[in-house]
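Heads up: the structure comes next, in structure tokens.
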Amino acid sequence: KAGVTQTPRYLIKTRGQQVTLSCSPISGHRSVSWYQQTPGQGLQFLFEYFSETQRNKGNFPGRFSGRQFSNSRSEMNVSTLELGDSALYLCASSRTGADSPLHFGNGTRLTVT
Amino acid sequence: QKEVEQNSGPLSVPEGAIASLNCTYSDRGSQSFFWYRQYSGKSPELIMFIYSNGDKEDGRFTAQLNKASQYVSLLIRDSQPSDSATYLCAVRANDYKLSFGAGTTVTVRA
């Protein structure tokens, strides 16, 4: 069974640009969550999508957005990039239910210069 | 107050010893609790989950949950150098959001 797939693995962008990251969940998983990980802040929750609807949202500015497609694949977009957006962006998928653990992809390493 | 707090590290233990990791959470309505391990440069991987009060054992790992005290812990018995990693506590509240602690870095000395 294939795991969570994130593309691309690495990205280098300049300030002011925008970026789109992609995530394909494990087959059968309908929930997709996105996290930002930085050395100083740890894993910060961005948002969660379930059945194409945003079910939860973290405390990030509106420059961070996402969506989920009917096949459960998800994308997140960051507009007007800032230096502080440099981080590892992790996508994770899970089945429905509160007892379902998250399964993480390998992440996208974004560097903003 | 942070939603999930872990004991600050780093934690250094000799090979063969027990490593004890602690985690407290603020939302009394939290339903499920997870421990993840993250090696440097890798993504987090699930090592244990627990939903009910008490202990749950899986190999050398034991998770303990006390909902009244809003406390969950992880014990690693017979620690091995391969256990050297950052351990993340994660708590799911009623809204399904999974919140993570900052992590505790464990180093097992050979």
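We name chains A, B, ... by the order of the sequence lines, and we start the count at 1 in each one.
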**Request:** Flag the one option from L43(A), N56(A), L88(A), N106(A) with the top tally of heavy-atom pairs under 4.5 Å to chain B.
**Result:** N56(A)

Answer with side chain, backbone, both or neither: which region of [X] has an atom nearer than 4.5 Å to a non-hydrogen atom of chain B?
X	result
Q37(A)	side chain
F50(A)	neither
L102(A)	both
S94(A)	side chain

Chain A heavy atoms under 4.5 Å from [X]: which part of the residue, side chain, backbone, both or neither?
X	result
Q38(B)	side chain
Y51(B)	side chain
L46(B)	side chain

**Aromatic ring proximity, centroids under 6.0 angstrom, F47(A) and F64(A)** =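 Not under 6.0 Å, so no.
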
**Request:** Please answer whether the main-chain N or O of Y36(B) pairs with a side-chain N or O of Y87(B) as donor and acceptor at a distance below 3.5 Å.
**Result:** no

**Side-chain donor/acceptor of Q6(B) to backbone N/O of F100(B), under 3.5 Å** = no

**Message:** So, taking the atom named CD in Q64(B) and the one named CD in E57(B), what distance separates them when rounded to the nearest 0.5 Å?
**Reply:**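 The CD atom of E57(B) is 10.5 Å from CD of Q64(B), to the nearest 0.5 Å.
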
**Message:** Run the side chain to side chain donor-acceptor pair (under 3.5 Å) test on R73(A) and Q68(A) for me, step by step, so that the C-alpha distance in whole Å, both residues' side-chain angles and the decisive distance to 0.1 Å come before the verdict.
**Reply:** CA-CA 6 Å; R73(A) 192 176 69 84; Q68(A) 186 180 33; over 6 Å; no

**Asked** Shortest non-hydrogen contact from W34(A) to Q6(A)?
**Response** CZ3-NE2, 3.9 Å

